[in-house]
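Worksheet: one structure, shown below.
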Protein chains: 2
Amino acid sequence: MIEKIHLSILREIDRRGSLTAAAGSLNLTQSALSHTMKKLERQCNINLWLKDGRNIRLTEAGAYLLEQANRLLPQFERIDDTLRQFANNEKGSLRVGMECHPCYQWLLKVVQPFLAQSPGVDIDVKQRFQFGGMAALFNVDIDLLITPDPIQKERIVFEPVFPYELVLVVSRHNNLNGLSHVTPAQLSDQVLLTYPVETARLDIFQQFLLPAQCMPARHKTLESTDIILQMVAANRGVAAMPKWLALDYAKTLPITVIRLGDSGIHKHIYVGYRKQEQQNKHIQTFITLAKNHAQHPD
Amino acid sequence: MIEKIHLSILREIDRRGSLTAAAGSLNLTQSALSHTMKKLERQCNINLWLKDGRNIRLTEAGAYLLEQANRLLPQFERIDDTLRQFANNEKGSLRVGMECHPCYQWLLKVVQPFLAQSPGVDIDVKQRFQFGGMAALFNVDIDLLITPDPIQKERIVFEPVFPYELVLVVSRHNNLNGLSHVTPAQLSDQVLLTYPVETARLDIFQQFLLPAQCMPARHKTLESTDIILQMVAANRGVAAMPKWLALDYAKTLPITVIRLGDSGIHKHIYVGYRKQEQQNKHIQTFITLAKNHAQHPD
DNA sequence: GGCTATGTATGAGAAACATTCATGTATATA
DNA sequence: TATATACATGAATGTTTCTCATACATAGCC
């Protein structure tokens with residue numbers, strides 16, 4: 001059976017003009033090449049070349065094989081090259097799952113330096129999961145899960161990368177505006193705007209309203225952060241958002257932030273990945289950049 | 001560096017679903033595959049798969065390599081196949097040189113059964129040579145030389161394959177018509193038609209006219225056998241041709257043949273090839289068919 | 001024509017490599 | 001919890017490949 005070495009030898013003979021010269025290029029002896037090719041010739045019952053004086057001249061079969069060598073060997077070289085890129089982490093892709101709506105804004109700020117630092121690595125972002133982010137991570141549909149609510153689970157590692165405070169965002173014209181903090185009861189006559197997910201996954205309910213057995217006057221859901229904050233700005237409701245995000249919007253919208261409760265609700269964004277891939281450099285790069293960004297937000 | 005075996009192993013793992021199963025198909029042990037691939041991984045500093053439970057799951061690099069395997073391995077199989085065809089003489093080509101104009105008709109009758117017998121073998125016929133047929137044979141521009149005038153030369157073998165008599169072809173209305181043989185002097189008042197080659201290469205001159213110090217009344221050259229014999233039929237001249245060829249044309253043209261001299265000029269068509277290629281089955285097949293045809297002309 | 005330089009072929013032994021065996025570790029399954 | 005299954009790994013083995021030494025053939029040169 002034809003092996004790569006046979007193709008290499010033939011190509012080198014063609015390039016250098018003789019077995020002896022080819023042996024030099026290949027860091028082998030003339031004898032080695034001769035033996036190797038003779039063995040192939042015996043196996044295939046074929047002549048690849050005939051001695052022509054003291055040189056060799058390819059037979060038809062030999063010429064055919066040389067053609068194939070010139071076609072196939074560059075493909076092998078290409079593969080070696082690409083593999084080197086993989087090894088140097090110059091190539092790959094990272095499928096990032098998001099389970100936290102406002103994190104999207106934050107993600108964009110991490111993705112940018114990541115892409116700049118790893119030009120060969122693509123990032124896919126997924127936000128919809130058939131069975132939730134954890135399942136997606138487990139089933140290798142994603143490589144990274146960004147979530148504020150890590151679930152302790154074997155073979156999955158979560159790392160906190162970004163601490164943030166969940167705050168209430170209100171319009172400058174809202175009656176709560178100016179307070180240093182709010183109590184759950186103070187939301188009873190407010191319209192609460194949230195993303196359209198189960199209340200079980202909304203911290204404002206789980207950690208603030210429900211423990212105090214309070215409820216907002218109304219609960220409306222909206223798909224996008226932009227729209228929610230536009231509505232807040234128009235004093236059509238209040239919303240719970242990461243403080244850094246709200247402050248960002250506050251630069252352009254007439255909104256302010258208020259602490260939730262005495263000491264505030266403090267959370268982290270976590271990045272989760274399969275324990276198995278602890279060595280994965282893209283993942284580690286991502287996490288490093290994420291933590292970096294947390295310390296030097298722009 | 002990536003070798004064929006790595007691609008084979010990856011493909012088999014993909015097909016069979018596990019290292020162990022793949023080892024079975026490849027007639028190796030699970031251990032062998034594991035070692036082989038681990039070595040590659042070390043060399044390239046890359047992971048091709050990760051253990052996922054008790055099975056393995058390809059990494060991105062592994063998946064990439066599998067893709068390449070599915071692309072390249074069939075090409076190797078194709079090469080093995082083609083090489084087998086070369087070995088079985090089901091593939092190849094034979095470049096035939098012709099130094100003898102009338103032989104062309106004869107060649108066609110040998111080529112036909114050859115092509116039928118060796119469907120994978122192509123025949124190229126060359127009739128013009130920069131430095132003559134022998135040089136072409138020597139320089140490997142052709143593999144076979146068909147000539148009535150072999151030249152003894154080292155490393156070239158000539159075999160007679162077809163005996164024939166050179167005869168004079170005349171019109172039924174020619175004054176020589178009906179003679180049992182002609183003398184050189186009898187051509188002195190005839191127009192001689194020949195192919196346009198040096199007289200040194202024309203047997204009618206070399207072996208018949210010149211030894212008797214005779215010349216025809218006129219000497220005209222024409223490119224093709226057909227035209228020469230048409231001219232002869234129209235009694236515009238006479239020509240020297242192989243008897244078998246002339247008789248063939250005599251079926252449809254008003255021409256007859258006359259022996260040249262008392263005992264006639266007897267020649268052979270020879271097939272020459274490089275001694276080196278004595279083992280070449282296409283050449284031997286060709287010669288066998290040629291001799292065969294000589295004994296059973298149709 | 002003989003001589004030398006150059007190139008390929010080949011047998012025997014040495015070196016390198018791949019393979020197996022035995023065993024370890026991890027995981028799924030009953 | 002026990003058992004079966006799958007991959008990993010170290011040591012020993014077996015096979016292949018390589019080198020060395022040498023033979024053989026040819027080209028080029030005096």
Side-chain angles (χ1 to χ4, degrees), chain A residues 1-10 12-43 46-59 62 138-140 153-156 274-279, chain B residues 1-10 12-43 46-59 62 138-140 153-156 274-279:
Chain A
M1 280 212 311
I2 283 293
E3 294 296 328
K4 204 177 118 186
I5 183 66
H6 300 126
L7 301 180
S8 299
I9 291 175
L10 271 174
E12 212 55 29
I13 288 175
D14 182 53
R15 286 180 172 172
R16 309 289 308 276
S18 76
L19 248 197
T20 307
S25 314
L26 295 169
N27 291 318
L28 288 170
T29 59
Q30 168 269 321
S31 176
L33 304 206
S34 186
H35 278 300
T36 302
M37 297 307 274
K38 261 276 132 49
K39 184 178 172 191
L40 174 67
E41 290 187 329
R42 268 194 304 272
Q43 280 176 345
I46 213 174
N47 278 320
L48 294 175
W49 63 63
L50 300 168
K51 285 195 64 168
D52 184 16
R54 60 187 185 189
N55 294 306
I56 55 188
R57 186 169 43 73
L58 294 185
T59 61
F138 227 86
N139 297 336
V140 202
K153 187 123 175 111
E154 226 181 340
R155 283 183 246 174
I156 301 285
R274 290 176 294 279
K275 195 168 192 173
Q276 209 174 32
E277 308 209 68
Q278 214 138 20
Q279 310 302 326
Chain B
M1 284 217 308
I2 282 293
E3 294 295 329
K4 204 176 117 188
I5 184 66
H6 300 127
L7 301 180
S8 299
I9 290 175
L10 270 174
E12 211 55 30
I13 288 174
D14 182 53
R15 286 181 172 170
R16 307 290 308 275
S18 77
L19 248 197
T20 308
S25 315
L26 294 170
N27 290 316
L28 289 169
T29 60
Q30 169 268 321
S31 176
L33 304 207
S34 185
H35 278 300
T36 302
M37 298 307 274
K38 261 278 134 43
K39 185 179 173 191
L40 174 68
E41 289 188 327
R42 268 194 305 273
Q43 281 177 344
I46 213 173
N47 278 319
L48 294 174
W49 63 64
L50 300 168
K51 286 197 65 167
D52 184 17
R54 60 188 185 190
N55 294 306
I56 56 188
R57 187 169 42 74
L58 295 185
T59 61
F138 228 85
N139 298 337
V140 201
K153 188 124 174 114
E154 226 182 339
R155 284 186 245 174
I156 301 285
R274 291 177 294 280
K275 197 168 191 173
Q276 210 176 29
E277 307 209 69
Q278 214 139 20
Q279 311 301 328

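Residue numbers begin at 1 in each chain, while the letters A, B, ... track the order of the sequences. The analysis underlying the following values was restricted to heavy atoms, covering all of them including side chains, and did not include hydrogens, waters or symmetry mates.
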Q) How many Å lie between CG on B:Leu19 and P on C:dT25, as a whole number? A) 19 Å
**Q.** Between C1' of D:dC18 and CD of A:Glu3, the distance in whole Å
**A.** 17 Å
Q. Any side-chain heavy-atom pair from B:Glu3 and B:His6 closer than 4.5 angstrom?
A. yes
Q) Rounding to a whole Å, what distance do you find between B:Asn27:CG and C:dT20:P? A) 9 Å
Q.
Does B:Arg54 contact D:dT5 through a side-chain donor or acceptor facing the base, at a distance under 3.5 Å?
A. yes
**Q.** Spatial distance of atom CD1 (B:Ile5) from atom CE (B:Met37) [nearest 0.5 Å]
**A.** 9.0 Å
**Q.** Any B:Trp49 side-chain N or O less than 4.0 Å from OP1/OP2 of D:dA6
**A.** no
**Q.** D:dA8 OP1/OP2 closer than 4.0 Å to side-chain N/O of B:Ser34
**A.** yes
Q.
Would you say A:Ser31 places a side-chain N or O within less than 4.0 Å of OP1 or OP2 belonging to C:dT10?
A. no
Q | Spacing between A:Ile5 atom CD1 and D:dT16 atom C1', to the nearest angstrom | A | 13 Å
(Q) Between the base of C:dT6 and the side chain of A:Ser18, is there a donor and acceptor pair under 3.5 angstrom? (A) no
Q) How many Å lie between CG on B:Leu28 and P on D:dT13, as a whole number? A) 20 Å
Q: Using the closest heavy atom to pick a nucleotide of DNA chain D for each, name whichever of B:Glu41 or A:Lys39 lands nearer the 5' end.
A: B:Glu41
(Q) If you define the side chain from C-beta out and look only at heavy atoms, does anything of B:Ile9 sit under 4.5 Å from B:Thr36? (A) yes
Q.
Going by centres under 5.5 angstrom and planes under 30 degrees, do the aromatic ring of A:His35 and the base ring of D:dT17 stack?
A. no
Q: Ignoring the backbone of A:Ile56, work out which of C:dT8, C:dT19, D:dA8 is nearest its side chain.
A: C:dT8
Q: Would you confirm whether A:Glu12, through its side chain, and A:Ser25, through its main-chain N or O, come within 3.5 Å as a donor-acceptor pair?
A: no
**Q.** Rounded distance (Å) that lies between atom P of C:dT27 and atom NZ of A:Lys275
**A.** 10 Å
(Q) I want to check one thing: is the phosphate of D:dC20, taken as OP1 and OP2, less than 4.0 Å away from some side-chain N or O of A:Thr29? (A) no
Q) For A:Lys4 and D:dT17, what is the distance between atoms NZ and P respectively, to the nearest whole Å? A) 15 Å
Q | base_contact_polar (C:dA9 base, A:Gln30 side chain, donor-acceptor, <3.5 Å) | A | yes
Q: Calculate the interatomic distance between B:Arg42 atom CZ and C:dC17 atom P; express it in whole Å.
A: 13 Å
Q: For B:Leu33, report the nucleic acid contact type (base, sugar-phosphate, nothing); a contact means any heavy atom under 4.0 Å.
A: nothing
Q) Would you say the side-chain atoms of B:Ser34 pair up with the backbone N or O of B:Gln30, donor to acceptor, closer than 3.5 Å? A) no
**Q.** Selected nucleotide, minimal atom distance to A:Lys38 side chain, candidates C:dA9, D:dT19, C:dT19
**A.** C:dA9
